[in-house]
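In what follows, every heavy atom counts, from backbone to side chain, and hydrogens, waters and symmetry copies are set aside. Below, read A as the first sequence line, B as the second, and so on, with proteins coming before strands; counting in each chain starts at 1.
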Amino acid sequence: MCRFICSHKKNVLMDPSEVEFLSEKETVTIIPNFSLDKIYLIGGDLGPFNPGLPVDVPVWLALNLKQRQKCRIVPPDWMDVVKLEQIRDQERKEETFAPIPSPYYMELTKLLLNHASDNIPKADEIRTLVKDIWDTRVAKLRLSADSFISLQEAHAKLDNLTLMEINTTRMFLLDSLNCMYKLRSNMQPGSGATRSQDY
Amino acid sequence: MDVQSYMPVQPGVGMEENFLSLDDILLSQERLPCRTETTFPRLGFLEKSSDTRDIPEGSKMEMPLWLAKGLYERKRRVLSVELPKVYREGWRTVFSADPTVVDLHKMGPYYYGLGSQLLHFQNPENPEIAQAVLQTFIGRFRRTMDSAQNAYNEDTSALVEPLDSLERALFRVGQGGLNAFQRWETGSASRLTASSLVLNYRKRKITDLQD
């Protein structure tokens, strides 16, 4: 009767630092203060680097160069107080998730502000704004998760959600939905009642 | 990070139990009020309240779930299982009024599991029980979620106390997500720490082994 049910589910939450790692692939513009020929990497060619000429590089390289004081980072154009205020207001106004300028806005804000806050004007305001946007969105996520459960819906559309946002609630939501599914399948009569007799 | 030396098996929750789940093993010890429908010959010693040799037909006794499930048969009526009071009509109305006020841990820490297991016994109220258990879960979900995702760096014992063991597991999972995010946000995730295995490692002395 007690069939051995192989538990496929590994209880692994993707660690936020892994999400951050993924975000480091995004490109950002830097202004180098050294010159170097094009460098050829598996992920693509970077450079050439000339002093004073802006060039697009992945975030991981930008941060590395910045830490060695070899460049100045140009903040992405959404990382701006006016634009972020607009996004925040739209986010508060709408019931669904508003489009977000970067799928890694939270991670990039943290990385860039922590390592290159001297290159970003009004860093503190930006930090607060991004945190506001995050809080609004997470509150929305929780609200929609609750209505998803209480209305017993079968599917949901999660447009404009970022990986980090999904990641904070993924395990909890999946486990809850699993429980709910099992409790709901109890209501189908005869699903397990006959099996308990087969000794 | 929360590292465990083994992977705990999740409880089966539904009508099927998970054989290796510790929660389901504990659940099978839950007592159910039963009524015998036949005479159990020479088993009177099990019933401490009477001195008879047999357990007579129609006597009421409590049985653990595993025994009741084993003895219960639809065709040969050996015993009938009555509902524990949390699953009866009276309590079901309480749950449908406001599921969040009930202390499910006190009402039997395996409310959902036992409720599902009760469906094995052909009770006429089965559909209502299944419905009540599901609605209770849905009704309490918001509170479980909110407390799991808001309580950061505080004592959670008061929040956890009224939760069923299933909800407690969910609460822990939710806390895991929140804590991981907070650790990342405050920057402590990037700091390397010694593994708890290394910290707790002590050389075993030969004298300890010889005891």
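- A ring-centre distance under 6.0 Å is not found for B:Trp91 and B:Tyr111.
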Please list, one pair per line, the donor and acceptor atoms closer than 3.5 Å that link side chains of residues 71-81 of chain A to other protein atoms, with sequence neighbours excluded.
| unit_1 | atom_1 | unit_2 | atom_2 | d |
| --- | --- | --- | --- | --- |
| A:Asp80 | OD2 | A:Val82 | N | 3.4 |
| A:Asp80 | OD2 | A:Lys83 | N | 3.3 |

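- For B:Leu170, the parts sitting under 4.5 Å from any heavy atom of chain A are the backbone and the side chain alike.
- Just one residue in the list B:Glu128, B:Gln135, B:Glu125 forms a side-chain hydrogen bond (donor to acceptor under 3.5 Å, both in side chains) with B:Arg92, and that residue is B:Glu125.
- Aromatic ring pairs are classed by plane angle as parallel below 30°, tilted from 30° to 60° and perpendicular above 60°; the pair A:Phe172 and B:Phe141 is parallel.
- Only the side chain of A:Gln152 comes within contact range of chain B, with at least one heavy atom under 4.5 Å from a heavy atom of that chain.
- Between B:Tyr112 and A:Cys179, every side-chain heavy-atom pair lies at or beyond the 4.5 Å cut-off.
- Of all the listed residues (B:Ile138, B:Asn126, B:Val133), the one sharing the greatest number of non-hydrogen pairs under 4.5 Å with chain A is B:Ile138.
- Of the listed residues (B:Ala130, B:Gly139, B:Ser21), the one with the most heavy-atom contacts under 4.5 Å to chain A is B:Ala130.
- Contacts between A:Met106 and chain B at a heavy-atom distance below 4.5 Å involve backbone atoms as well as side-chain atoms.
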